[in-house]
Amino acid sequence: MAHDSIQLPCGGDGACMRCKVTPPTEETLTCSICAAPWHVGCLASKPETLASTLQWHCPDCSGDPLLPPSVATDGSSSELFVAIKAIEADESLTEKEKARKRQELVSGRVEEDGGNGKGESSVLDVLDESLNCSFCMQLPDRPVTTPCGHNFCLKCFQKWIGQGKRTCAKCRSTVPPKMASQPRINSTLVSVIRMAKLSKSNAAAGPPKVFHFIHNQDRPDKAFTTERAQKAGKANAASGKIFVTVPPDHFGPITAENDPDRNQGVLVGECWEDRLECRQWGAHLPHVAGIAGQSNYGAQSVALSGGYEDDEDHGEWFLYTGSGGRDLSGNKRTNKEQSFDQKFEKMNEALRVSCKKGYPVRVVRSHKEKRSSYAPEKGVRYDGVYRIEKCWRKVGIQGFKVCRYLFVRCDNEPAPWTSDEHGDRPRPLPAISELKKATDIFERKESPLWDFDEEGSRWKWKKAPPPSKKPANAADLEEGKRTRKAIRHSRKLSTRERLLKEFGCLICQQVMSLPVTTPCAHNFCKSCFEAAFTGKTAIRERNKGGRTLRSQKNILNCPSCPTDISDFLQDLQVNRELMDVIESLKQKSEENEEPAEEEPMNGLEESTDLGSSDEKTGKKTENVDPKDDLENALPNCEEERTSKRRKVDTAQVGDDDL
DNA sequence: CTGATTTCGTAT
DNA sequence: ATACGAAATCAG
């Protein structure tokens, strides 16, 4: 606790600047951010777990309040620590073997396989270590991809950028300013990692873990809209049928019992086209307002869509701004100008009640939130439940008071941007600097109704949620005829189908060969991508009367979004790390599903699955076996792949790489 | 129950 | 940029 004990790293001579002795290798700890060595014995707190040891941040760099504070507990943590250091220092081991040993250490058992057999392979076999983030040496958490094709954790990348660095930590290529300021999460890579973990857990004896990420292809039939809505367009639309059976004042996740159509509930990661469609699944009912709630009861859900510039999004936690303070007279909705102070009344009071009681608040993020790395690229996405830990008022950017809320995630399902296999654990609250200037600070005194249950290792209601004051949605009460549709959406896909679905090139719709990742985080086959720009050049030469004028830059848009990627096109780099993993998954799926071949497609509704039988897109249903596709692609990559060679195990990579 | 007010949307 | 209707809340 005492801040008087100064924390110091080892000096240039290797000696601890605090105790002056030079510690042996197993007693030094290297910061994953700044790479400075520290003497473990002189640290006030040591990392407790394998993960925290591997991505340990030194006292100088650990500014992130969300990382669990590394509290020294008993002797066991330092034993673990020494054991890990011993593995890392062992020169006789390859990186892969080290990884396996670390894995064994933390899991407490030895892989039957020896790690290189042909049966079950470890996650790390599939996810070759070349995919690891160069900073923390872990699989990238909420991965971002540089134009040079290297992948890092968002947080590691942001720290690096925060230190003023503007080069790729792996190959020293320049990081474009837009990527530095607005890194986008590569959701394809999130899927890769998740799938590899899944394929591991399925191969093992344990019960297969089911992951609930819903992609747009899985969405049910287009939402019902009234004739009147069609007449006037969506902006004037009536909402159409509500598919779930929860009352409008229902708190918390929407479970399978309230989803008679699909019997799966509204799962984290589910996406909708717009707010009206989101409404139909009950995640957030108001189709314009950002807050759903009642001032004398509590708030059930909020939308993050960039409507208030004071908002601040950190994924697992964010600062939300209340509503009001604006003059909306005359049926205006787009007036962003604040002209008076917000107060804790109406919706803002509803949020405060949810804070007071510790209710779970559903959160949806909209693509309209442009300043957040966590916003979906399009549409609206359900991101799970959060609790409001405290709220206050402060003077906002526009000079008027705004209500402020600290939301912290508390969901049993992992967030869409992580590859974690589990949901949230309780975490310490982030330090909020603006609290110093805050007024009307409110904190929860009573114990939260929605809380983490240590025994069950899950978030749950500790007491009964408040009784609903409204009638449940009448949706399906009268109709017993809801057997027909949507059953197919819960069908489990084969690994091969998922490969195609997750790693399909956005242009050719087949499993990517030589994937490239744009700075806007879209993935394509290199050849498809290049073909999309044939005949177009990034530089337009201009001539006038035989005189060459200064050449002008052409704007070239990403095939998937309006981002200008002309710079990226100039120096196209394959995302080899991604390519290697797709290839591994591919091989693995062949091993595991060999006998099946075309069989599991028992006719029925298969053709509707990818929407590929759509009238207009009928011809791409040629159903080229993605396996063939990948195999065909491989010979071409040969020369690219041979340059993969040995792993790079530090951030200081020579520029010989590429 | 009514009507006024509010609302981090959407198509023209 | 502008013009909207729907849906929910809340006051009376």
Side-chain angles (χ1 to χ4, degrees), chain A residues 223-242 246-250 272-280 282-313 318-354 361-372 374-376 378-383 386 396-398 402-405 407 468-471 473-475:
Chain A
F224 167 87
T225 48
T226 61
E227 304 87 48
R228 183 175 177 182
Q230 285 163 357
K231 213 168 43 185
K234 254 190 185 171
N236 304 327
S239 96
K241 182 180 170 189
I242 307 280
V246 291
D249 54 359
H250 166 83
W272 304 282
E273 280 294 315
D274 52 36
R275 288 281 296 269
L276 278 163
E277 204 189 338
C278 168
R279 167 187 165 76
Q280 295 188 273
H284 184 66
L285 289 168
H287 62 279
V288 175
I291 306 168
Q294 306 75 37
S295 58
N296 60 354
Y297 186 71
Q300 292 82 29
S301 58
V302 297
L304 279 98
S305 35
Y308 284 82
E309 54 188 322
D310 288 293
D311 286 3
E312 202 181 290
D313 192 359
F318 59 88
L319 295 176
Y320 195 72
T321 310
S323 61
R326 293 166 173 175
D327 178 17
L328 299 173
S329 62
N331 204 9
K332 287 193 286 285
R333 254 173 315 253
T334 43
N335 182 9
K336 305 270 188 213
E337 299 284 300
Q338 209 175 336
S339 51
F340 53 94
D341 289 348
Q342 293 183 357
K343 291 194 282 199
F344 283 114
E345 57 184 26
K346 300 182 180 168
M347 293 304 128
N348 297 345
E349 174 62 13
L351 285 173
R352 203 177 65 87
V353 172
S354 285
V361 181
R362 292 185 300 276
V363 170
V364 299
R365 281 182 173 80
S366 151
H367 70 104
K368 299 182 81 175
E369 172 56 90
K370 295 297 182 201
R371 293 160 45 244
S372 164
Y374 302 93
K378 49 184 286 200
V380 184
R381 184 187 66 210
Y382 173 62
D383 285 346
Y386 288 63
I397 292 172
Q398 299 194 10
V402 290
C403 297
R404 298 285 279 170
Y405 304 87
F407 280 70
S468 168
K469 295 183 171 182
K470 305 186 180 208
N473 183 280

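Sequence lines set the chain letters: A, B, ... in the order given, protein chains first and strands last, and positions in each chain run from 1.
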[X] vs [Y] side-chain heavy atoms within contact, under 4.5 Å:
| X | Y | result |
| --- | --- | --- |
| A:Gln338 | A:Ile397 | no |
| A:His284 | A:Arg279 | no |
| A:Asp313 | A:Leu304 | yes |
| A:Tyr405 | A:Cys403 | yes |

Exercise for the section: Indicate yes or no for a side-chain donor-acceptor contact from A:Arg275 to the backbone of A:Ala289 under 3.5 Å, with no hydrogens or angles considered. Expected result: yes
Handout entry: 5' priority, DNA chain C, between A:Ala350 and A:Lys332 [closest heavy atom]
Key = A:Lys332
Handout entry: Residue met sooner reading DNA chain C from 5', once A:Val288 and A:Ala292 are mapped to nucleotides
Key =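 Nearer the 5' end of the strand: A:Val288.
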Practice task
Counting heavy atoms from C-beta on, name the nucleotide in B:dT7, B:dT10, C:dC10 closest to the side chain of A:Ser295.
Solution key: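 Between B:dT7, B:dT10, C:dC10, the one nearest the side chain of A:Ser295 would be C:dC10.
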Completion exercise
Closest of B:dC8, C:dC10, B:dT10 to the A:Met347 side chain is C:dC10
[X] [atom1] to [N] [atom2], straight-line distance once rounded to whole Å:
| X | N | atom1 | atom2 | result |
| --- | --- | --- | --- | --- |
| A:Tyr374 | B:dC8 | OH | C1' | 20 Å |
| A:Asn335 | B:dG9 | CG | P | 14 Å |
| A:Leu351 | C:dT9 | CG | C1' | 14 Å |
| A:Leu285 | B:dC8 | CG | P | 16 Å |
| A:Arg326 | B:dC8 | CZ | P | 6 Å |
| A:Leu328 | C:dC4 | CG | P | 17 Å |
| A:Glu277 | B:dT10 | CD | P | 11 Å |
| A:Asp274 | B:dT7 | CG | P | 21 Å |

Handout entry: Pair A:Thr321-A:Asp311, side-chain donor/acceptor within less than 3.5 Å
Key = yes
Exercise for the section: Would you classify A:Tyr320 as touching base, sugar-phosphate or nothing, given that sugar-phosphate means primed atoms plus P, OP1 and OP2, and contacts are heavy atoms under 4.0 Å? Expected result: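 It contacts base atoms.
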Exercise for the section: Give DNA chain B the dot-bracket treatment, 5' to 3': Watson-Crick (N1-N3 with N6-O4 or O6-N4) or G-U (N1-O2, O6-N3) under 3.5 Å, [ ] crossing, | other strand. Expected result: |||||||.||||
Exercise for the section: Establish whether the base of C:dA7 is bridged to the side chain of A:His287 by a donor-acceptor pair shorter than 3.5 Å. Expected result: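 Under the 3.5 Å cut-off, the side chain and the base do not form any donor-acceptor pair.
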Practice task
Scan for salt bridge (Lys or Arg N to Asp or Glu O under 4.0 Å) pairs involving residues 335-350 of chain A, sequence neighbours excluded, and state none if there are none.
Solution key: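 Sorted result for residues 335-350 of chain A: A:Glu349-A:Arg352.
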For [N] and [X] - does any side-chain N or O of the residue sit under 4.0 Å from the phosphate oxygens OP1/OP2?
| X | N | result |
| --- | --- | --- |
| A:Lys336 | B:dC8 | no |
| A:Ser366 | B:dC8 | no |
| A:Lys470 | C:dT9 | yes |
| A:Arg279 | C:dA8 | yes |
| A:Ser305 | B:dG9 | yes |

Handout entry: Six-ring centre of A:Tyr308, A:Arg326 cation under 6.0 angstrom, axis tolerance 45°
Key = yes
Where do N or O atoms of nucleotides 3-5 of chain B meet protein N or O atoms at under 3.5 Å, pair by pair?
none

Exercise for the section: Classify the ring geometry between A:Phe407 and A:Tyr320 as parallel (under 30°), tilted (30 to 60°) or perpendicular (over 60°). Expected result: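 Perpendicular: the ring planes of A:Phe407 and A:Tyr320 meet at over 60°.
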Exercise for the section: Indicate, with yes or no, if the rings of A:Phe318 and A:Tyr386 have centres closer together than 6.0 Å. Expected result: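 Here the rings of A:Tyr386 and A:Phe318 have centres that are less than 6.0 Å from each other.
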